[in-house]
Colleague: 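Have a look at this one.
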Amino acid sequence: DVQLQAFGGGFVQAGGSLRLSCATSGFTFDDYAIGWFRQAPGKEREEVSCINWRRDSTSYASAAKGRFTISSDDAVNTVYLQMNSLKPEDTAVYYCAAAHYLTAQAMGTICGHFGFWGQGTQVTVSS
């Protein structure tokens, strides 16, 4: 049973930091890229960052560059999103998702198509 569980969200003041975790199980972790997405109220879901299946390449949305860092601990099948210098506009529900490496090869992208999704974790940044 494929499972992705995002946790670590919370309430933080602007300028603060949070570290989100995406714990996974039920699939071969090494075969999948993991991505972080977010959805703010009234807005479409957007990709924040992803790390490829080889764990040697990452991508970031422009809003996340320089402030967020994605990393992976393959020993515990978990991907993290360190978020620093948080802004009120970062307020959203954050989700993690998995994409098989074959979809990345087929699409010619770093991470590929995200076919497995977990439940989100709320991040609220106050001004």
Side-chain angles (χ1 to χ4, degrees):
D1 210 30
V2 174
Q3 291 192 357
L4 297 98
Q5 180 64 53
F7 58 95
F11 185 93
V12 64
Q13 289 188 332
S17 298
L18 283 173
R19 188 177 81 155
L20 304 184
S21 300
C22 177
T24 73
S25 62
F27 61 96
T28 304
F29 186 69
D30 295 348
D31 287 346
Y32 285 78
I34 303 295
W36 284 99
F37 296 76
R38 68 186 183 186
Q39 188 165 22
K43 295 188 177 181
E44 293 189 355
R45 186 178 62 199
E46 61 176 351
E47 183 174 329
V48 176
S49 180
C50 78
I51 186 165
N52 72 339
W53 68 279
R54 287 197 175 108
R55 311 296 186 242
D56 61 2
S57 186
T58 59
S59 71
Y60 294 92
S62 56
K65 283 181 182 176
R67 299 188 300 126
F68 295 3
T69 303
I70 191 169
S71 62
S72 175
D73 186 344
D74 289 10
V76 292
N77 294 351
T78 299
V79 170
Y80 305 98
L81 185 68
Q82 178 67 43
M83 305 188 295
N84 299 328
S85 303
L86 283 162
K87 304 175 182 180
E89 50 264 46
D90 295 318
T91 295
V93 177
Y94 284 70
Y95 302 87
C96 58
H100 194 270
Y101 74 90
L102 288 176
T103 67
Q105 292 177 350
M107 296 170 63
T109 57
I110 291 175
C111 292
H113 173 73
F114 291 91
F116 298 113
W117 292 82
Q119 293 182 326
T121 185
Q122 176 70 47
V123 172
T124 303
V125 185
S126 66
S127 57

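Predicted model, so just to flag it, every value in this text is computed and none were measured.
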Colleague: Side chain to side chain contact (heavy atoms under 4.5 Å, CB included) between I70 and Y60: does it pass, once the steps are laid out?
Modeller: CA-CA 9 Å; I70 191 169; Y60 294 92; 3.4 Å; yes

Colleague: Taking all heavy atoms of L4 and all of C22, pick out the closest pair and write down the distance.
Modeller: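 Taking every non-hydrogen atom into account, CD2-SG, 3.9 Å.
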
Colleague: Is there side-chain contact between R55 and I34, with heavy atoms separated by less than 4.5 Å?
Modeller: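 The answer is yes, as the side chains (C-beta and beyond) meet within the 4.5 Å cut-off.
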
Colleague: If we only count heavy atoms from C-beta on, is the F29 to T78 side-chain gap below 4.5 Å?
Modeller: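 The answer is no, as the side chains (C-beta and beyond) never meet within the 4.5 Å cut-off.
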
Colleague: What are the two closest non-hydrogen atoms of L20 and W36, and how far apart are they?
Modeller: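 Taking L20 first and W36 second, the nearest heavy atoms are CB-CH2, 3.6 Å.
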
Colleague: Could you report the tightest heavy-atom contact between A23 and F7, atom names first, then the distance?
Modeller: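 Here A23 and F7 meet closest at CB-CE2, 3.9 Å.
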
Colleague: Determine, stepwise, if the pair D90 / R67 fulfils side chain to side chain contact (heavy atoms under 4.5 Å, CB included).
Modeller: CA-CA 11 Å; D90 295 318; R67 299 188 300 126; 2.7 Å; yes

Colleague: Is there a donor-acceptor pair under 3.5 Å between the side chain of T103 and the backbone N or O of G112?
Modeller: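 Such a contact is absent between T103 side chain and G112 backbone.
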
Colleague: Please report the shortest heavy-atom distance between A99 and C111, naming the atom on each side.
Modeller: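 Between these two residues, the closest heavy atoms are CB-O, 3.2 Å.
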
Colleague: Is there a donor-acceptor contact under 3.5 Å from the side chain of S49 to the main chain of S59?
Modeller: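 Confirmed, S49 side chain pairs with S59 backbone.
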
Colleague: Taking side-chain contact (heavy atoms from CB on, under 4.5 Å) as the criterion, tell me which of T58, N84, V48 meets it with F68.
Modeller: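 Between F68 and the candidates, side-chain contact (heavy atoms from CB on, under 4.5 Å) is satisfied uniquely by V48.
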
Colleague: Using every non-hydrogen atom in the two residues, find where Y32 and A98 come nearest and quote the distance to one decimal.
Modeller: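 In this case the closest contact between Y32 and A98 is CD2-CB, 3.8 Å.
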
Colleague: Any idea which heavy atoms bring S127 and A14 closest together, and the distance?
Modeller: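 Closest approach of S127 to A14: CA-CB, 4.3 Å.
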
Colleague: Could you check if a side-chain atom of W117 sits within less than 4.5 angstrom of a side-chain atom of R45, using non-hydrogen atoms only?
Modeller: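 Counting from C-beta outward, W117 and R45 do come under 4.5 Å.
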
Colleague: Output yes when a side-chain donor or acceptor of T24 lies under 3.5 Å from a complementary backbone atom of N77, and no otherwise.
Modeller: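 Here the side-chain-to-backbone pair exists.
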
Colleague: Counting only heavy atoms not in Q119 (residues, nucleotides, ligands), do more than 12 fall under 6.0 Å from its CD?
Modeller: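 For Q119, atom CD is not crowded (no more than 12 foreign heavy atoms under 6.0 Å).
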
Colleague: Is the shortest side-chain heavy-atom distance between Q122 and T91 below 4.5 Å?
Modeller: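 Q122 vs T91: side chains touch.
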
